[in-house]
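See structure below.
Computed from heavy atoms alone, side chains included, the values below leave out hydrogens, waters and symmetry copies.
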Amino acid sequence: MVVRALLLISIIGAISHGTPFQSTANMWKSMYKELRHKGGCYLLLNSTGQVGCTGADNGRHTRAPLADLKHLKLPLEEPRVVVVDAQDAQAFILHMQQLFQQQQQQQQGPAAVSSNSLLEHVKAILVLQEDGMPPPANQSSALKFPGGQEWAPYATSQPRAQQGTGSSGADGLAGGDQPAGPAYVWNPAGSGSSLGFLPIPVFKLTGALASDARQRAGENARNGFAGASHWAEAELSMTAASQPNSSACIMAGTCKPLGGFNVWAAMPALPYNPENGLPSRSGKPVTLITAQMDASGFFHDDIQAADSPLSGLLAMLMSMHILKGAGASSMYTRQLVFVGLAGEPWGYMGSRRLLWDMHRANADPGAAPDPYVAGLHLDDVDQVIELGSIGRAFDASSQSTKLFAHSQPPTGWGNASSLIDELQSASHTTPSKIDIHKASSSNPGIPPSSLFSFLRAKPSIAGVLLAEFDRQFINPYYFGGPYDNASAVSISSLAATAASLATALHSIASKAADPPPPPLKVNLTEVIRFGASLAECLTTDAPGMSCALAQRYLNPDFQVLGDEVSYAVNHYVGVLSYIHSNPQNPYYKKTIYRFLWNLMGHLTSMDSDSRGTQRLPCAFASHPCPAGMECIGWKGGRGSDPQLGQCLRTTVRYSLSMPTSLDYIPNDQGSAGFKFTNASLEWSKALAWPEDPVWAESDWIFTTPYVLIAQREPQTMETYVVTAGVLLVTTIPFAAGMGARRGMQLMIFLDGLADRHGVSMT
């Protein structure tokens, strides 16, 4: 910091423009670099412990000089805030997590003395992602067996891989308590870093702020941290930091459970019960088509998830678009139900809760229907097709899309051979080059997917996962934060997948139809156009949910980040804080849930999209639709407002994604209340479910997260700067009256004052 220049600029600016600083705070504002309300690694808790990061729980700031990891000399002897390149961050964070875990387990040895100084003196970590910085070759914060092998419907068969270092895995599996036996490596890049724990603040800095932090750390190293030095303050106060697990913090009110809403839609629309207006069973066998809608990551604000898992969701929606255009669903002899699942990285929360609610709703025929799952019954479901990661399925050598169909061996499980045959046959008739191969028989079973849940609940289901890989993930950034972005996703591959899936579904659903519907026609150009508009909404930061397609259906939520307004979708499931007594109420639901509800409702509607079609206008609550119809495209308008929706004949519903061991007390005026329940215990034991992890996220104080970067002077200089600041504020009006010449004389006076204090102004 050049104090002379700062004071001179202040005086000259005050004199020449007549706009003097009104306080020392304004004068100092230009010297600070700040990060507010984003970029932190936050504290999560589950039934066994803590995961993530936390600072002090009392609002105190962590403060220390900036030091580049590349310049650290061990053992550290003084506090430091360490800056580290994004490419190197995962390895360093893993090392710190391991050291902390060893310390907690009291397993330190003499050889670890220099490394232990890191635990004592590293006060915060700033991960730097500068503009133009190339991505690492691979980086995944998930486990090598994502979610944990205990969820799999098979015994794994490969020598154990590293399973993460934290106190608990993302699906309730404690990092130090992995089950005995080997673990198959589905995710070669997996580190498990998002499942570890660090009791220090960790932040992600991007762009100019990252560059500034690097330069300041470099100056500190060159100056040997002598005299003036560049410091950082970090504040990451988590109110649940003192709680041992999620049950304790939920009961204490210092955290909220993770959760959200699945969205499901039926094609054709289900019949409805005229007594309560809810959907009812169609009497047809059901094929579920599922895709996941969110991911996990070390930095929740940083998750892109374009390939894993959003490419599968996009392909599912594109296949619905094709089937909608055919207009033949009324002739189907099989019921199609499309499901977007939320919260799957967290103990398969969305699918497990959906199955539990279906079981509970149908276990007692005399009970009132559950509006979340009305019309769904597991007895009717005999097929499940899941769309996994497919965005990287384009094969450059053959100039075609290459997919693999994964299923469980037929012994003890539903036989999926005929389903795979249908998919392969469909791939040969679509107007795109696509090959669907059966996955290797040497695989231990299906890869980590929502099929784990459906096969556990009903092993006779014929289940297939379509994915871009065979033996192992080919996405090097599976749950890789900012690196799994839209640039790696091939819209042509998504279109080819959607065309094959839609053709297969049309064929499956038309069996024994009399008369049969006409063969499905696919306009690949139109499918690609629709897919590109979807990708623009769901996989890009800009326009994000301000895209044209989303604007047709809703007024999107947005975030104000400094001087920027962001409509980007947050692909982290987040906390469940509001549950209305009416499940269809759109208020306080995330934009992505409302977008999917409207879009899926439109794509499965029985109504024609022909121009000139007259539809009944509607508004939620004030102008509801008749039974059997839903208000699609309502943006909050009332009366004759142009933001009214239109009533469509469709079955589209929200369903809960939340822990099965939690129940809720709806609150139409504010936050929902949660309580623990044993209602699902017998059902869980009968199906040998792993323990419900009950994931929760800590609350935090309003100043969290926060990073401040500035230069700190020696104590004598700090005393002088305060004195000079006071003099500056009180004398600027006088200086303005004297003119610039007298202002310079005042500058000389202040310079002399500095000399008498024994410090330099330069």
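- When all heavy atoms of Lys590 and Asn570 are compared, the pair lying nearest together is NZ-O, 3.6 Å.
- With rounding to the nearest 0.5 angstrom, the CG atom of Leu35 is 9.0 Å from the CG atom of Leu126.
- Judged by distance alone, with hydrogens and angles left aside, the side-chain atoms of Ser191 form a donor-acceptor pair with the main-chain N or O of Ser140 at under 3.5 Å.
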Notebook entry, point to check: What do the steps show when you test Ser389 against Asn475 for side-chain hydrogen bond (donor to acceptor under 3.5 Å, both in side chains), and what is the final call?
Noted result: CA-CA 8 Å; Ser389 303; Asn475 180 3; 5.4 Å; no

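- Between Trp346 and Leu258, the shortest heavy-atom distance links the atoms CD2-CD1, 3.7 Å.
- Judged purely by distance below 3.5 Å, without hydrogens or angles, the side chains of Tyr483 and Gln129 pair a donor atom with an acceptor atom.
- The closest side-chain heavy-atom distance from Ile709 to Leu205 is below 4.5 Å.
- The two atoms that bring Pro482 and Lys204 nearest to each other are CG-NZ, 3.7 Å, heavy atoms only.
- Side-chain contact check for Pro345 versus Asp294: some heavy-atom pair is nearer than 4.5 Å.
- Rounded to the nearest 0.5 angstrom, Leu534 CG and Leu549 CG are separated by 5.5 Å.
- In terms of modelled atom types and a separation under 3.5 Å, the side chain of Ser246 and the main chain of Asn46 share a donor-acceptor contact.
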Checklist line | Verdict with supporting geometry, Gln103 and Asn116, side chain to side chain contact (heavy atoms under 4.5 Å, CB included) | finding: CA-CA 9 Å; Gln103 183 186 69; Asn116 286 342; over 6 Å; no

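- No donor-acceptor distance shorter than 3.5 angstrom exists from the side chain of Gln139 to the backbone of Ser141, with no hydrogens or angles considered.
- Classified by interplanar angle (parallel below 30°, tilted 30° to 60°, perpendicular above 60°), the ring pair Tyr572/His300 is parallel.
- Atom-to-atom distance recorded for Asn187:CG and Phe479:CZ is 9.0 Å, nearest 0.5 angstrom.
- Although no hydrogens or angles enter the test, the distance criterion places a donor-acceptor pair under 3.5 Å between the side chain of Asn220 and the main chain of Leu66.
- Asn598 contributes a side-chain N or O that, together with a main-chain N or O of Arg594, makes up a donor-acceptor pair within less than 3.5 Å.
- Here the side chain of Ser229 pairs no donor or acceptor atom with the backbone of Phe225 at under 3.5 angstrom.
- In this pair, Tyr593 and Phe261 present their aromatic rings perpendicular. The plane angle is above 60°, beyond the 30 to 60° band.
- One distance of note links CG of Leu198 with CG of Leu236; it measures 11.0 Å at 0.5 Å rounding.
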Next item on the list: Show your reasoning for whether side chain to side chain contact (heavy atoms under 4.5 Å, CB included) applies to Trp695 and Met349.
Entry: CA-CA 9 Å; Trp695 280 95; Met349 181 165 53; 5.8 Å; no

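- The shortest non-hydrogen separation linking Leu494 to Gly391 is CD2-CA, 4.1 Å.
- Looking only at side-chain heavy atoms (C-beta outward), Tyr42 and Pro705 come within less than 4.5 Å of each other.
- Although no hydrogens or angles enter the test, the distance criterion places no donor-acceptor pair under 3.5 Å between the side chain of Ser193 and the main chain of Gln90.
- Remark: Glu536 pairs with no residue by the salt bridge (Lys or Arg N to Asp or Glu O under 4.0 Å) rule, at least two apart or across chains.
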For residues 69-80, tabulate all N or O donor-acceptor pairs below 3.5 Å that involve a side-chain atom, not counting sequence neighbours.
residue	atom	partner	partner atom	Å
Lys70	NZ	Asp85	OD2	3.0
Glu78	OE1	Arg80	NH2	3.4

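- Val560 places none of its side-chain heavy atoms less than 4.5 Å from the side chain of His37.
- Formation of a donor-acceptor pair under 3.5 Å by the His571 side chain with backbone atoms of Leu538 is found in this model.
- A salt bridge does not link Asp301 with Lys38: every distance from a Lys NZ or Arg NE/NH1/NH2 to an Asp or Glu carboxylate oxygen is 4.0 Å or more.
- Between the side chains of Glu130 and Ser211, a donor-acceptor pair is found at a separation under 3.5 Å.
- A side-chain donor-acceptor contact under 3.5 Å links Lys144 to the backbone of Pro188.
- You'll find the side chain of Gln551 reaches within 4.5 Å of the side chain of Pro556, heavy atoms only.
- Checking side-chain atoms of Thr591 against main-chain N and O of Asp557 turns up a donor-acceptor pair under 3.5 Å.
- Summarising the local packing, CZ of Phe558 is surrounded by 12 or fewer heavy atoms from other residues, nucleotides or ligands at distances under 6.0 Å.
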Notebook entry, point to check: Passes side chain to side chain contact (heavy atoms under 4.5 Å, CB included), Val202 versus Phe298? Steps please.
Noted result: CA-CA 10 Å; Val202 182; Phe298 189 83; 3.8 Å; yes

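- The two atoms that bring Pro199 and Phe100 nearest to each other are CG-CE1, 3.5 Å, heavy atoms only.
- In this structure the side chain of Pro476 reaches within 4.5 angstrom of the side chain of Arg392, judged on heavy atoms.
- Between Pro146 and Phe473 the shortest side-chain heavy-atom distance falls below 4.5 Å.
- Between the SG atom of Cys255 and the CE atom of Met238 there is a distance of 12.0 Å, given to the nearest 0.5 Å.
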Notebook entry, point to check: Run the side chain to side chain contact (heavy atoms under 4.5 Å, CB included) check on Gln215 and His230 step by step: do they pass?
Noted result: CA-CA 10 Å; Gln215 293 171 5; His230 298 278; over 6 Å; no

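- To the nearest 0.5 angstrom, Asp68 atom CG is 13.0 Å from Glu219 atom CD.
- Considering only residues two or more places apart in sequence or on other chains, Asp484 meets the salt bridge (Lys or Arg N to Asp or Glu O under 4.0 Å) condition with none of them.
- Taking all atoms of both residues into account, the shortest heavy-atom contact from Ile592 to Val569 is CD1-CG1, 3.8 Å.
- Looking only at side-chain heavy atoms (C-beta outward), Trp231 and Val81 stay at 4.5 Å or farther from each other.
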